[in-house]
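Beneath this line is the structure, given in C-alpha cells, with notes to follow.
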Amino acid sequence: MRAHQVTRAAAVLCLFTFVSSTSAWADRPAQPEVLTNPDVNEPLQADVSAPLRDMATPPRADVPRRLIPIRRPKLQQMMNAAAVRSQAASGDGALQTATLPTVLVAPGGVNVLGVGNGFPDPAAPGGSYKVQGAPSDANLAVGDTQVVQWVNLQYAVFDKRTGAVLAGPFDGNNFWKGFGNVCETANQGDPIIQFDKVAHRWVASQGLFNVRLTCIAVSTTPDALGTYYRFAYGQNSFPDYPKFGIQPNAYFQSINSFSNDGSTYVGATVCAYDRVGMLAGRKSAKQVCFTTPTTFDSSLLPADLDSADVLPPTGQPEVFLGSIDNTPPNGNVIYKYLFNIDFAHPRSATFTGAGGTMPIPVADFQLACGGFSACIPQPAVAPGTDILDSLGDRLMYRLAYRNFSDHQSWVVSHSVDTPAGQVGERWYEFRAAQNSTDLAVYQQGTYAPADGNYRWMGSIAMDKAGNIALGYSVSGTSTFPSINYTGRTPLDPPGEMETESSLLADVDPVTGKPLRGSQLNDGDRWGDYTSMAIDADGCTFWYTNQYYQTTSSFNWSTRIASLRFPHCP
C-alpha cells in the first residue's frame, strides 16, 4: 500500500455560522489538508450467486455465543481529557427545556418482532431463535416490497406491507454461499444492509477482521431473495466498525482501522466503490481508498442519499462527518471531510479534511459517559453493576442526506451527558446551498426530558416534507431498556422535538406481567448502532433497535416498526 500525499487546499475554509461555542481557532490550520495518491484496487474475487432463496440455510443452533469487544479509536485521548477537565466545564448549549405535544408521527402499520429472542426458528418448528452475537448491531433497509433486517450475526426478509417474515433468519455469510473464499466461510458481524433507491438494488456488506476483507453483495434485481453480484475487496488494516453511504456516483465506506491484532488504532480509512461497475457485475469494479495519516480522525460517517427523486448536484464530492470533539483547543466541533472521485480517473481522487482541518462549530456538549465508559443504569440490577455502554465517542449511523432542490440537508445524532446527570440525544440538521458543501448548523438540539432516564443509541432521518424522526434506546433505574422515538415538523420551534412515544408496551394486557427486562452479564455492551431508514416514497420511516423481553443474559430481542407523519404528501 502506498503512502498518501498530504497537501494544503488552495482555497481557504468557508465561513461557518457560529453557534454557542468557543474555540481556539488560531491554533487551527487556515486551509484543509488534502490526501492524494489513493490505493486503487480491483476485487480479489467476484462472481454472481444463485438465488438467495435457494442457497441460504438457517443458522446452526450449536454455534458458541460471541461477545464482540468494543474498540475505541481515541480511547487514550478521551481518558486524558477527562483527567484534566475542569469542574467548570461547559454544559449543554442546545438542551431542550420546552415540552412540546406528543409526537405527531405515528406507527405506520408495521410494528413486529425482529430477529432475536422470540423470533421463530425455521430449523426447529415451534422453536425460538437463539441469540449468537452481542451486541445486536441492529440495522435494516427498505426496498420496493421488502424490508431486510440484519443483526449480529443473522438477517431476515420481511414483507413491507404486512411485516410478515418472508425468509430467514440466515447467517450473514449466506450472501456469499458458494463464493469459495473466506467471505463464504466466516461470519464476523458488523453488518450493514442498504437499498440503492435509484437503482432499486440491495447492497449487503460485512467486514472480515483478521483477514482484512470487505465482502459486498449487490442484488441483480429489486428482490432481496434473488441473485447477487458478489465481491471481496482487501483492506490495508483490521477493518472495524464499517459504515456505508449510497450515492449515485459511488458506494462510500468508512472504517476505523486498527493494527492486525485489533489492539492499536492507526487511522480512519475511507473507500469509494465503483457503483456502476458493481451494478453491472464487472469483475474490474474498482475500490479507491485513503487512510488518514493521523489517529485524530475516527468514526466517520458517509452521507447516505434519501432523496432518490432529487439527486446531489453533479460532481459534488461526498460529505463525511465524524471525529466529534469537545476538548481544548478545538472546542465543540464536528469535523467535515470531502471525498472527490471520478472512476474514469481513479488515481486522481482526493480526500480533504484529514487531521481535523475542516471543523464545524456546534453548541457545547459533553460526550456521553465521558466517551469511554459505561454509565446507563437499568432496573433490577445491583447498583453499579450491569450498566450499559453509550458508545458516546462517535456520531451514530446514519448521516442521512436529502436534496430539497433549493438547499441540501444532512441530519445526524450522538449521545451526550446533560447537566442533570442524564444521557440525552444530541441531534443536528446541517444545511448547505445547492452546488455547495459549505455545511453549517441550521438547527440543533439535545432531547433529554428531566425524568431521570437516559437516552442513547439514536438514529435519525428526514422525510421529503422536512419532518424529522429520531429513534433511540431509553433506560433508567426504574425504566427497563426500551425503544422510544420522537420527531418534529417544520412548524415546531427550531431545535426542539415533540414529546416522545414508545414502540413497546410496558406490560402484557392479559397477564399484567412486564414485557421488558434488563440485560445481565453482557460486558455492558448494548448495540453499536441502530437504524432509522426511509422508504423511497419519501415519507415512511422504518426503525429497528434492540430490547430485552425479560431480565436475562445474551437474550436480546429486536423490533421493526414503520412511522409516518400524517401530513407528508
Side-chain angles (χ1 to χ4, degrees), residues 39-59 137 139-141 143 146 148-157 166-235 239 242-247 250-253 255 271-289 343 346:
D39 294 319
V40 179
N41 304 292
E42 293 188 356
L44 301 174
Q45 188 171 332
D47 76 353
V48 61
S49 75
L52 193 60
R53 59 172 46 86
D54 296 338
M55 67 177 182
T57 55
D137 291 357
N139 72 109
L140 58 71
Q146 301 159 319
V148 178
Q149 183 201 36
W150 199 351
V151 303
N152 275 334
L153 297 158
Q154 284 81 31
Y155 65 93
V157 182
L166 298 177
F170 304 130
D171 285 335
N173 54 327
N174 273 202
F175 278 111
W176 296 273
K177 194 167 186 179
F179 193 49
N181 81 347
V182 70
C183 290
E184 175 186 2
T185 58
N187 191 30
Q188 296 188 356
D190 261 351
I192 291 292
I193 184 70
Q194 287 271 27
F195 188 71
D196 183 330
K197 298 179 180 68
V198 177
H200 301 269
R201 304 284 192 87
W202 298 93
V203 181
S205 63
Q206 182 167 256
L208 299 180
F209 307 122
N210 294 327
V211 294
R212 302 186 303 178
L213 284 180
T214 292
C215 308
I216 302 176
V218 179
S219 68
T220 64
T221 72
D223 181 9
L225 294 170
T227 57
Y228 283 78
Y229 296 124
R230 305 184 295 188
F231 308 85
Y233 291 94
Q235 299 289 351
K243 298 292 172 285
F244 271 79
I246 306 297
Q247 295 291 352
Y251 297 143
F252 289 95
Q253 179 190 33
I255 290 170
C271 297
Y273 295 87
D274 178 4
R275 171 180 175 270
V276 173
M278 297 179 83
L279 288 171
R282 295 176 193 151
K283 297 183 178 181
S284 60
K286 289 183 172 55
Q287 170 206 56
V288 180
C289 299
F343 283 101

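The model shown is predicted, which means the values in this text are computed figures rather than measured ones.
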task: Mark yes or no for whether Q154, through its side chain, and P169, through its backbone, hold a donor-acceptor pair below 3.5 Å.
output: no
- line: Those residues at least two apart in sequence (or on a different chain) that pass side-chain contact (heavy atoms from CB on, under 4.5 Å) with P239 are F209, Q235, I255
Any side-chain heavy-atom pair of V276 and F343 under 4.5 Å: no
- request: Write down the atom of Q146, the atom of P222, and the distance for their closest heavy-atom approach.
  value: OE1-O, 3.5 Å
Any donor-acceptor pair under 3.5 Å from N181 side chain to Q45 backbone: no
- prompt: Between Y229 and L279, what is the shortest heavy-atom contact and its length?
  reply: CE1-O, 3.3 Å
query: Of all heavy-atom pairs between C183 and N173, which one has the smallest distance, and what is that distance?
result: O-CB, 3.4 Å
message: Please enumerate all residues that pass side chain to side chain donor-acceptor pair (under 3.5 Å) together with D274, with sequence neighbours excluded.
response: none
message: Enumerate the salt bridge (Lys or Arg N to Asp or Glu O under 4.0 Å) contacts for residues 166-192, please, sequence neighbours excluded, ordered by first and then second residue.
response: none
- prompt: Does the side chain of N152 come within less than 4.5 Å of P191's, by heavy atoms?
  reply: yes
task: Calculate, to the nearest 0.5 Å, the distance between atoms CG and CD belonging to L213 and Q206 respectively.
output: 11.0 Å
query: Do any pairs count as a salt bridge (Lys or Arg N to Asp or Glu O under 4.0 Å) and have a residue in residues 280-289, sequence neighbours left out, and if so which ones?
result: E42-K286
statement: With sequence neighbours left out, the residues meeting side-chain contact (heavy atoms from CB on, under 4.5 Å) with S205 are I192, I216, F244
Heavy-atom closest contact (I193 atom, A204 atom, distance): CD1-CB, 3.8 Å
message: For Y155, give me all partners under ring pair (Phe, Tyr, Trp, His ring centres under 6.0 Å), at least two apart in sequence or on another chain.
response: W150, F170, F175
statement: By side-chain contact (heavy atoms from CB on, under 4.5 Å), D47 pairs with (sequence neighbours left out) F179, R230
Residue pair P43 / S284: nearest heavy atoms and the distance that separates them: CD-C, 4.2 Å
task: Applying side chain to side chain donor-acceptor pair (under 3.5 Å), name anything that partners N174, two or more places apart in sequence or on another chain.
output: none
For R275, all residues meeting salt bridge (Lys or Arg N to Asp or Glu O under 4.0 Å), sequence neighbours excluded: D196
message: According to side chain to side chain donor-acceptor pair (under 3.5 Å), who are the partners of R53, at least two apart in sequence or on a separate chain?
response: D223
task: Tell me whether the centres of the aromatic rings in F231 and Y273 are closer together than 6.0 Å.
output: no
field: N/O donor-acceptor pair under 3.5 Å between W202 side chain and V218 backbone
entry: no
query: Quick one: side chain to side chain donor-acceptor pair (under 3.5 Å) partners of T227, sequence neighbours excluded?
result: T220
message: For V148 versus A224, what's the shortest heavy-atom pair and its separation?
response: CG2-CB, 3.6 Å
Value rounded to 0.5 Å, distance of OH in Y228 from CG in L52: 5.5 Å
- prompt: Can you list the residues that meet the side-chain contact (heavy atoms from CB on, under 4.5 Å) rule with A186, with sequence neighbours excluded?
  reply: V182, Q188, L208
